[in-house]
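Note on naming: letters A, B, ... go to the chains in the order of the sequence lines (proteins, then strands), and numbering restarts at 1 for each one.
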2 protein chains.
Amino acid sequence: MTARARIKDVATLAGVSTATVSRALSSPDSVGPATRERVMEAVKATGYRINAAARDLRQRRARSILMLAPNLSNTFFSQIIAAVQDVASEAGLTVQISDSRIGRERLVSLGYDGRADGIVLLDGNLAPDVVNGWHLPLIQLSEWNDAYNAPRLGIDNRAAAHLAAGHLAALGHRTVLHVSGPEDNVLAVTRRAGFLEKAGDLGLETGVFEADFTLEAGAEAARRWAALDARPTGVFCASDECALGFISECVHMGFDVPGDVSVMGFDDIDFADRFLPALTTIHQPRKRMGAAAAERLIEMMQGAQGKGRHSISAAPTHIDATLVERDSTGPVPG
Amino acid sequence: MTARARIKDVATLAGVSTATVSRALSSPDSVGPATRERVMEAVKATGYRINAAARDLRQRRARSILMLAPNLSNTFFSQIIAAVQDVASEAGLTVQISDSRIGRERLVSLGYDGRADGIVLLDGNLAPDVVNGWHLPLIQLSEWNDAYNAPRLGIDNRAAAHLAAGHLAALGHRTVLHVSGPEDNVLAVTRRAGFLEKAGDLGLETGVFEADFTLEAGAEAARRWAALDARPTGVFCASDECALGFISECVHMGFDVPGDVSVMGFDDIDFADRFLPALTTIHQPRKRMGAAAAERLIEMMQGAQGKGRHSISAAPTHIDATLVERDSTGPVPG
DNA sequence: CTGAAAGCGCTTACAG
DNA sequence: CTGAAAGCGCTTACAG
């Protein structure tokens, strides 16, 4: 197991300069056929592979994109990460990943250390001065923050919440409950506003329980719901996890879903259609979201070429979310 | 928005050499207090941040670890990824992530381009010559391959499968079915062997359906099970997803779980205890697995210091997996 | 304690 | 088509 070959070793073996080796590898046409041949043989003989770190330093780019998400253990991100990595890999880019809640100093460094040249940001709660201080092409995906000076991509959460309200109303529900995400989360706030807006238009009576997207919070909300004197018959949870927790707890308390209460979620996670009952929800095309974000970012990176962040379209780019009707919602009881 | 400062700018402003700036930043004690003071002021004034790419090239390391998994969209990896990233971040390391099925050429490059100095490998099906050709500290996590010249970490899948067989037997089941993972997967093979071994010891009658860990495969297995003349009363699925698919399909076909059939899974994913019925399963401590792998790898990286892969303990390090009894298994019917 | 100089491993004008 | 040389932005023996 000998030390790995450097470009100089290849050059020596082939009897040419390192410049020629470099050219033979990166733009074969710029080199004579015979020379190219000899270089390639030397490459094979030495087992040479380029040192990307050195090339990147010289070219002042990293060929890498950084993904930042508020909680990597959240399975919602899995498909998004996979799609981003897939597109990046096709484009010859590497993917770096980090929890975005690693502390201000570390976070600043990540976007500033020369090891990434584009960022996919899935967190709308980072300090705007940090985000805007990164002089790197950046795209906001899913979550967003109007203070960030960067384009954004995602579903139209307000419109999606309208679908939810419309669905419950169509089934005859007159009093509905929203189990929301946390107050400081832009998705939660937007979904809630959208739901209440549409429910109001439709003349429904509304209530809101604040939760935090998790299974446990959903279960807790179910207990609060059960304790109510007049229980809403339709429930819209801000996430599928929350809805599954809600339903699970309802069933444990002896209620039937959707017989006693209709419950719907948001996201359409993989298990949604295998849950019992199968979950009515809003489908978020996460694979498409990730791929679109990566593609857009790569475009920006090509446009930027070290010129920092470039022209930002004011309007968010929306990806379609759709209502998926399954078995957890039904006609109002009685 | 001016160009970012380099170390030379700081040096000029502080009236010292770049060497001194470098020292003031990396080992403040090796520099006079007054000098240090002036340097720090210049750093603040210029907004200087080190260019990690340049430092890494000079120091011939990447301060980065690479995670390779066969399918990033698999939610099983979420917590592992989060834990690895957490430990890495604490150690000042960056995390690179890639699907391990990106093609031989790209894969070879990833471990060979100087941008990572350690690898967490979650795939036992890569070509051994590729894996062994990376001259980088590497640890196998969860999946493994005896042909890889690297230590491994994970639960004892054979012992875990014993627990499953023991559990079903203790409930009185005499004929049991295993819905396995794919034949070419080391986890699947090991779990199946362990289950059959223990079931044999306990005098149970056994059968196996080969599947592939997914929800759909579980549902398909349920249909095959239902079509059987003599239906096994206890079913052990090689993954929770598979078990959820199996149960879901059983219920859709009109069977009761666990009234008509006991079904258990493997992994203990987040939804397992909120599923209806709550899933009996084998708990894999994924967070602990990820953290342990990262810690171990970092140790190896410190020991290695460019010396390539070092001493490999033959025996795998096992992390405890435990049986979690919930509601999807019960006494044998009748 | 501090600086000048070499060098990490590449690429790329510039000449020829 | 090819090479010598400079340089990407750092760090680190080596001297003093």
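- Checked by atom type, the side-chain pair Thr20(B)/Ser17(B) shows a donor-acceptor distance below 3.5 Å.
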| request: Check step by step if salt bridge (charged side-chain N to carboxylate O under 4.0 Å, His left out) holds for Asp56(A) and Arg63(A). | output: CA-CA 7 Å; Asp56(A) 292 349; Arg63(A) 283 185 167 75; 3.5 Å; yes
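- The existence of a salt bridge linking Glu295(B) and Arg288(B) is excluded, since no basic side-chain nitrogen approaches an acidic carboxylate oxygen closer than 4.0 Å.
- Between Ala62(A) and Ala116(A), the shortest heavy-atom distance links the atoms CB-N, 3.6 Å.
- Between the CZ atom of Arg101(B) and the CG atom of Leu107(B) there is a distance of 10.0 Å, given to the nearest 0.5 Å.
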Given Watson-Crick and G-U pairs under 3.5 Å, DNA chain D in dot-bracket ([ ] crossing, | other strand) is |||.||||||||.|||
Expected string for nucleotides 8-16 of chain D under the B/S/- scheme (protein heavy atoms, under 4.0 Å, primed atoms plus P, OP1, OP2 as sugar-phosphate) is BBBBBB---
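- No salt bridge links Asp29(A) with Arg23(A); every basic N to acidic carboxylate O contact stays at or beyond 4.0 Å.
- A side-chain donor-acceptor contact under 3.5 Å links Arg49(A) and Ser109(B).
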